[in-house]
*Asks:* 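Below is a structure I'd like to ask you about.
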Amino acid sequence: MKCEDLLKAINEYVDGDIDPGICKDLEQHLAGCNPCKVVVDNVRKTITLYKAGKPYALPTALRQRLHKALAERWRKEFSQEPSRRRTRRR
Amino acid sequence: MKAPDPDAEMVRAARTGDFAAFEKLVRKYEGPIYTLARRIVRDRHDAEEVVQETFLSAIEHLKGFREEAKFHTWLVRIATNHALRVLRRRRSRPAVSLDAGPDDEGPLPHPEFIAEWRDDPQRIIRQRETRRLLDEALEQVDEKYRLVFLLRDVEGLSTEQAARALGISVANAKVRLMRARLMLRELLTRHFGDERRRLRPDHDHDAPGGV
């Protein structure tokens with residue numbers, strides 16, 4: 001097996017979604033190929049970093065606008081008042 | 001076995017007309033959906049529009065939500081639809097397809113900067129500039145690769161679900177995901193890799209025992 005073959009199978013390998021026979025070949029390659037070992041480790045860490053990254057907070061103005069628009073749409077869709085009303089009737 | 005949907009109870013309450021339950025779901029996901037939208041459309045105002053349209057569509061289709069997918073997956077698919085619409089509108093080519101281009105079959109992006117990272121991801125995440133760095137790397141990755149990566153690796157959809165959301169084949173999604181992962185690895189490793197322990201790429205050798 002060559003490094004190129006490892007690259008082609010890297011998705012399945014890091015996702016643990018690989019035929020056991022091919023997996024054995026890959027592991028044998030990795031045991032003797034330090035650059036490939038580091039690449040696999042780098043890919044895993046790249047995914048971890050993106051997966052665990054913090055989401056952006058919604059800008060306050062958008063949040064207010066959003067919740068108001070949703071309450072209005074809810075009223076139409078369910079033809080009833082939202083259970084948490086913001087406006088009071090005079 | 002599919003893992004149960006952590007939102008199932010809240011979704012059921014919302015479907016019976018409980019707006020407070022729906023608002024709780026909105027609060028839980030508005031940040032992640034906004035982040036996804038920003039990373040797809042790369043414009044704050046367009047991302048705001050995508051967020052609003054996503055949750056409005058969710059209300060509209062809530063009664064028809066059959067719980068075949070998790071609520072989060074369903075929401076990501078709605079958001080992706082709206083974000084793709086923005087991208088298409090921007091190109092002013094209404095029917096542009098994101099599907100296969102010949103560059104899906106070009107040579108693989110070979111790793112050039114290979115080095116162990118100086119820090120553990122768990123520590124890197126806590127650093128202030130990390131999110132900016134992650135976004136800057138994403139921006140350098142071609143749109144079609146970036147989209148699959150966002151849906152599959154960031155949002156946690158399966159490859160099949162990501163392919164369906166983008167209207168591409170599963171085979172295509174797999175190739176694009178691999179390219180995205182390799183490109184992002186390259187970019188992040190240039191940043192987080194330990195220069196002193198850099199290894200030379202060795203594309204053609206056969207490993208001992210691997211022959």
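Here the structure is a predicted model, which is why all the values come from computation and not from measurement. These values consider heavy atoms only, across backbone and side chains, with no hydrogens, waters or symmetry-generated copies. Each chain gets a letter, A, B and so on, in the order the sequences are listed, and its residues count up from 1.
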*Asks:* Between B:Leu36, B:Ile33, B:Val51, B:Asp135, who has the most heavy-atom pairs with chain A when the cutoff is under 4.5 Å?
*Replies:*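 Max contact count across the listed options: B:Asp135.
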*Asks:* Given the options B:Phe55, B:Trp117, B:Phe149, which has more heavy-atom pairs under 4.5 Å with chain A than any of the others?
*Replies:*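 Most heavy-atom pairs under 4.5 Å with chain A: B:Trp117.
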*Asks:* Is a side-chain donor or acceptor of A:Tyr50 paired with a backbone partner of B:Leu150 at a separation under 3.5 angstrom?
*Replies:*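 Such a contact is absent between A:Tyr50 side chain and B:Leu150 backbone.
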*Asks:* Highest number of heavy-atom pairs under 4.5 Å with chain A: which of B:Leu177, B:Ile124, B:Val154?
*Replies:*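 Among B:Leu177, B:Ile124, B:Val154, the one with the most close pairs to chain A is B:Leu177.
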*Asks:* With a 4.5 angstrom heavy-atom cut-off, could you sort out which part of B:Ala47 is near chain A: side chain, backbone, both or neither?
*Replies:*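 Neither part, no heavy atoms under 4.5 Å.
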*Asks:* With a 4.5 angstrom heavy-atom cut-off, which part of B:Arg15 approaches chain A: side chain, backbone, both or neither?
*Replies:*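 For B:Arg15, the backbone is the part near chain A, not the side chain.
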*Asks:* Check this for me, if you would: do B:Lys174 and A:Asp17 make a salt bridge, where the nitrogen-to-carboxylate-oxygen distance has to be below 4.0 angstrom?
*Replies:*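 A:Asp17 and B:Lys174: not salt-bridged.
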*Asks:* Where does A:Lys8 contact chain B at under 4.5 Å (heavy atoms): side chain, backbone, both or neither?
*Replies:*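 Contact with chain B involves both backbone and side-chain atoms of A:Lys8.
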*Asks:* With rounding to the nearest 0.5 angstrom, report the NE2 to CG distance, B:His45 to A:Leu62.
*Replies:*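 Here the interatomic distance stands at 11.0 Å.
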*Asks:* Atom CZ in B:Arg131, atom CG in A:Leu49: separation rounded to 0.5 Å?
*Replies:*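 So the gap between those two atoms works out to 12.5 Å.
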*Asks:* Rounded to the nearest 0.5 Å, what separation is found between the CG atom of A:Leu66 and the CD atom of B:Glu48?
*Replies:*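 Answer for the CG-CD pair, A:Leu66 versus B:Glu48, is 10.0 Å.
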*Asks:* For B:Ile59, is it the side chain, the backbone, both, or neither that has a heavy atom closer than 4.5 Å to a heavy atom of chain A?
*Replies:*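 Answer is both: backbone and side chain atoms of B:Ile59 are under 4.5 Å from chain A.
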*Asks:* Heavy-atom cut-off 4.5 Å, strictly under: side chain, backbone, both or neither for B:Leu184 against chain A?
*Replies:*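 Both backbone and side chain.
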*Asks:* Less than 4.5 Å to any heavy atom of chain A: does that hold for the side chain of B:Arg38, its backbone, both, or neither?
*Replies:*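 B:Arg38 touches chain A through side-chain heavy atoms alone.
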*Asks:* Do B:Arg185 and A:Ile10 have side-chain heavy atoms sitting under 4.5 Å apart?
*Replies:*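 Answer no - side chains too far apart.
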*Asks:* Under a 4.5 Å heavy-atom cutoff, which of B:Ala58, B:Ala14, B:Gly193 has the most pairs with chain A?
*Replies:*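 When all of B:Ala58, B:Ala14, B:Gly193 are compared, B:Ala14 has the most.
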*Asks:* Would you mind checking which part of A:Arg65 comes under 4.5 Å of any heavy atom in chain B, side chain (CB onward), backbone (N, CA, C, O), both or neither?
*Replies:*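 Contact with chain B is through both the backbone and side chain of A:Arg65.
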*Asks:* For B:Arg152 and A:Asn11, run side chain to side chain contact (heavy atoms under 4.5 Å, CB included): C-alpha distance rounded to whole Å, both residues' side-chain angles, the deciding distance at 0.1 Å, then the answer.
*Replies:* CA-CA 11 Å; B:Arg152 172 67 174 72; A:Asn11 265 358; over 6 Å; no
*Asks:* Quick check on the interface: out of A:Gly53, A:Pro55, A:Ala57, A:Ala31, who has the most heavy-atom pairs with chain B under 4.5 Å?
*Replies:*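 If we count pairs closer than 4.5 Å to chain B, A:Pro55 comes out on top.
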*Asks:* Select one option (side chain, backbone, both, neither) describing which atoms of A:Ala69 are under 4.5 Å from chain B's heavy atoms.
*Replies:*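 Both parts, backbone and side chain.
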*Asks:* Counting only heavy atoms closer than 4.5 Å, note whether B:Leu62 contacts chain A via side chain, backbone, both or neither.
*Replies:*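 Side chain of B:Leu62 only, per the 4.5 Å heavy-atom cut-off to chain A.
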*Asks:* Applying the side-chain contact (heavy atoms from CB on, under 4.5 Å) criterion to A:Val39, which one of B:Ile114, B:Thr189, B:Leu199 satisfies it?
*Replies:*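 Of B:Ile114, B:Thr189, B:Leu199, side-chain contact (heavy atoms from CB on, under 4.5 Å) with A:Val39 is met by B:Ile114 alone.
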*Asks:* With side chains defined as the heavy atoms from C-beta onward, is the minimum distance between B:Arg181 and A:Thr46 less than 4.5 Å?
*Replies:*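 Side chain of B:Arg181 against side chain of A:Thr46, heavy atoms only: no contact under 4.5 Å found.
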*Asks:* At their closest point, which heavy atom of A:Glu77 faces which heavy atom of B:Lys63, and how far apart are they?
*Replies:*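 Minimum heavy-atom separation between A:Glu77 and B:Lys63: O-NZ, 3.0 Å.
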*Asks:* Could you tell me the separation between the CG atom of A:Leu7 and the CZ atom of B:Arg179, rounded to the nearest 0.5 Å?
*Replies:*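 Those atoms lie 10.5 Å apart.
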*Asks:* Taking the ring centre of each residue, are B:Phe19 and A:Phe78 less than 6.0 Å apart?
*Replies:*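 No, too far apart.
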*Asks:* Please look at B:Glu186 and chain A and tell me whether the side chain, the backbone, both or neither of the residue comes under 4.5 angstrom of a heavy atom of that chain.
*Replies:*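 Contact with chain A: none, neither part.
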*Asks:* Taking C-beta and beyond as the side chain, do A:Lys54 and B:Thr35 meet within less than 4.5 Å on heavy atoms?
*Replies:*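 Answer no - side chains too far apart.
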*Asks:* Once you round to the nearest 0.5 Å, how far does NZ of A:Lys51 lie from CD1 of B:Ile125?
*Replies:*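 Rounded to the nearest 0.5 Å, the NZ-CD1 separation comes to 11.5 Å.
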*Asks:* Is any side-chain heavy atom of B:Phe113 closer than 4.5 Å to one of A:Asn42?
*Replies:*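 Not in contact.
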*Asks:* Any side-chain heavy atom of A:Leu70 within less than 4.5 Å of one from B:Glu23?
*Replies:*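 No, every pair of side-chain atoms sits at 4.5 Å or beyond.
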